Amino acid sequence: MHLRPTDDERTIDEVFEAFFSAEVTSDRVRAAQDLGHDPDLWRRLAETGAQSMAVPEAAGGAGASLAVAAIAATHLGRTLAPVPLLEHIAATRAIAHAQPDHPILHELVTGTAIATLGFDDDLVPAGAVADVVVRSTPHGLSVAHTTPSLAAQPNSAGLPLAYRTERGEPLAAADGHRMAAEWQALMAAALCGLGREALTIGVDYVKEREQFGVAVGTFQAIQHGLANASTQLEGAALLTSRALWALDADKPDAQTKSTMAFLFAAEAAQQSAGAALQYHGGYGYAEEYDIQLYYRRARGWALQAGDPTLLYRRLADRLLPEAVA
Amino acid sequence: MDWALPPHAEAFRAEVQRFIAEHLTGDVIDATADGTIHHWGFHRELAERGWLNGAVPEELGGGGRDALEMAVLIEELQLAGAPVDGMGVAIVVASVILELGNEHLRSTVARQLVQGETLVSFGYTEPDSGSDVAAAQTKAVPDGDDWVITGQKMWTTLAHEADYVLLLTRTNPDVPKHRGLTMFVVPLDTPGIEIHPVHTMGRERSNATFYDEVRIDDRWRIGEIDGGWTVMKSALKFERGIAGGQYHSAPLIDRAIDYARTHTRPDGSAVIDDPTVREQLVRSMIDLEVCRGFALNTAWLASEGVMFGVEGSMTKLFASETYKKHAGWFVAMAGAEGLLREESEHAPVGGALDDHFRGAPVTTIYGGTSEISRNLIAEAHLGLPRTR
């Protein structure tokens, strides 16, 4: 048992912290809102090896764990980076595990092409920019390779959402549930990063903003709302870490833990961004303040996987025993 | 990150599970029905295996079970619903005495505690000082070699079974409140002490204890004169080391599933097929996994010798608040029958839903209210200004 980052993980964390902090300003996030994707940022990110790091070595990647990929995901969430890194990693890993010599992998590993995953709907995450769409089917995965429209459906989270109806070639022996679980665990990490940064923005604001002659952060109503959100986030981060570890170690409950972490982290991020926005007062609602960017993405990133109610239902089907006749 | 408990802790878990299967009989659980959450036979069995002593840090003469093993022990006992209220206090007070106490206290009280021969009660809270515990007014006045103590304590749970109380007293009213406190270990058979029961909504019996010119000699003092707050902090430290309370919801969820599987709605459908019930059950299971993450993290920090603070407050806040929420959901699930107490032959799942509903509210109060936890998190973790 060891619950601190290793030296390697610390180094990787420093690299991505520096990269995302330097590259992804909130101006850049705003500038990318129409397409929901920043191609130049994607290319710069490829220079760090982010797209290939968690791909198995047999498929041309660096063979890092999901837990390591989640370090990048956390910083992506913290800065709201407009690049489909999580979708790309989950989809690329799914292809690589099923068929390490798949011809598309070379372009995916270098980031020249973008891969994404589809859920139940045809409105696909990163559908506007992905060259490859991987879907779960009853018989494995299907891989569709087509040219994206580069036009997103306008949406409140600034996401590159687009309808993709092509179904593609079957990829046997691939585990679609595992692909979704990996995306959920990575997204949980991103949402923890998003939530923590939203909370930091809120805490900084209430320390500065004065009403009734004092900083509003001295009011217990505000302190307690922030303390609750912070507790949810720390709980989410611990559960996410366990889910990533379970996936990397191939534990039997890994997919259940990933869905749990995703659902819980989504609510924690929404609670944090919601509290931080509320404590900004009217300014929180103004476009020029960053907190509204976090508020919209906390909800929107998670909804890409569909109505969470359906995920709770599926978890229930997996976890609950049947009625006694 | 590696979340796997080490093999020695998992081996210990198997040992604890065998112990529970053998010793946590229906008689032990039934014996707590009068509200005293303690069973001497079970307590002594724990002590006999060296698990009370094992929890005391090795450098203080204990058996040196590490923090991960202790977490496993507490987890398994809680999941099984074992009466362990007395155990926690015994371990904490024995550890405090071994760290700060004199030879007399070490060789008598601490030894008896870890051998399961005696119990002790916390005597911090007073009618006028709960969360503001340092405002204690119970007076201890020196008289020759003796101290004379007068005052009243609230929530001295298990005092009616215990031989001692760890008593926080005021020895100097003329200095800031934290600096005028002194701690004593007071034998409860000393003349002048009265113990009155306080019955609670959750069925558990607690006590108010009254001290009328109680005379004890200086051997019963622990820590420095006016150094009582240091003793309090030591107790808090050891309390964190064996921090339990993360798994309250586990037995409730089990019983709620039992209920839902075996009961039907008025239209004849199974309760467990109700989509709202299903989502609530899954949400409670997720909350419990979050509790487990918090618990494993604090146990690991303790095993690394890290003195954690805010992590303990978050764990306590989250586990107790979610437990209260779950108890509300699952008593409602059963409608009016959910209110039936175990005395009713019709009470579903043995009255467990009602039992948890009544018992849960105390968990967000004792050992630091949710509001105090939030204050600590806001100040220590978020760096917001102190408001008191």
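Quick caveat: nothing in here was measured; it's all calculated off a predicted structure. Values reported hereafter were calculated over all heavy atoms of this structure, with side chains retained and with hydrogens, waters and symmetry mates removed. Order of the sequence lines sets the chain letters (A, B, ...), proteins ahead of strands, with each chain counted from 1.
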What pair of heavy atoms forms the shortest contact from [X] to [Y], and how long is it?
X: B:Pro6; Y: A:Met1; value: CD-CB, 4.0 Å
X: B:Pro385; Y: A:Gly217; value: CD-O, 3.8 Å
X: B:Ile257; Y: A:Pro321; value: CG2-CG, 3.6 Å
X: B:Met1; Y: A:Glu9; value: N-OE1, 3.7 Å

So, taking the atom named [atom1] in [X] and the one named [atom2] in [Y], what distance separates them when rounded to the nearest 0.5 Å?
X: B:Arg386; Y: A:Thr218; atom1: CZ; atom2: OG1; value: 14.0 Å
X: B:His381; Y: A:Leu199; atom1: NE2; atom2: CG; value: 7.5 Å
X: B:Leu382; Y: A:Thr200; atom1: CG; atom2: OG1; value: 8.5 Å
X: B:Ile286; Y: A:Met260; atom1: CD1; atom2: CE; value: 5.0 Å
X: B:Glu311; Y: A:Glu234; atom1: CD; atom2: CD; value: 8.5 Å
X: B:Arg283; Y: A:Glu267; atom1: CZ; atom2: CD; value: 4.0 Å

- prompt: Non-hydrogen atoms of chain A under 4.5 Å away: do they reach the side chain of B:Ile272, the backbone, both or neither?
  reply: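 Contact with chain A is through the side chain of B:Ile272 alone.
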
- prompt: Given a strict heavy-atom distance threshold of 4.5 Å, which part of B:Val277 is in contact with chain A: side chain, backbone, both, or neither?
  reply: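 Neither part.
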
Quick one: what part of [X] sits under 4.5 Å from any heavy atom of chain B, side chain, backbone, both or neither?
X: A:Ile222; value: neither
X: A:Lys251; value: neither
X: A:Gln232; value: side chain
X: A:Leu319; value: both
X: A:Asp317; value: both

Flag yes if more than 12 heavy atoms outside [X] fall under 6.0 Å of its [atom1] atom; otherwise flag no.
X: B:Asp128; atom1: CG; answer: no
X: A:Gln278; atom1: CD; answer: no
X: B:Phe294; atom1: CZ; answer: yes
X: B:His8; atom1: NE2; answer: yes
X: A:Asp307; atom1: CG; answer: yes
X: A:Phe264; atom1: CZ; answer: yes

- prompt: chain B: which of A:Leu315, A:Thr256, A:Asn228 shares the most heavy-atom pairs with it under 4.5 Å?
  reply: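 Counting heavy-atom pairs under 4.5 Å, the top option is A:Asn228.
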
query: In terms of heavy-atom pairs under 4.5 Å, which option from A:Leu244, A:Leu263, A:Leu239 contacts chain B the most?
result: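 The candidate making the most pairs under 4.5 Å is A:Leu239.
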
message: When you measure from the side chain of A:Arg242 to the backbone of B:Glu289, do you find a donor-acceptor pair of N or O atoms at a distance under 3.5 Å?
response: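 Checking the backbone N and O of B:Glu289 against the side chain of A:Arg242, a donor-acceptor pair under 3.5 Å is found.
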
query: Is the side chain of B:Arg261 donor-acceptor paired with the backbone N or O of A:Glu322 at a distance under 3.5 Å, no angle test?
result: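 Side chain of B:Arg261 to backbone of A:Glu322: a pair is present.
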
field: Donor-acceptor pair between B:Asn375 and A:Gln223 side chains, under 3.5 angstrom
entry: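 No donor-acceptor contact under 3.5 Å links the two side chains.
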
Heavy-atom side-chain proximity of B:Met314 to A:Ser230 below 4.5 angstrom: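 Yes, their side chains come closer than 4.5 Å.
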
Closest-packed option against chain A by number of heavy-atom pairs under 4.5 Å, given [options]:
options: B:Asn297, B:Leu5, B:Leu281, B:Val310; value: B:Asn297
options: B:Thr264, B:Leu376, B:Leu296; value: B:Leu296
options: B:Ala4, B:Ser313, B:Ala270; value: B:Ala4

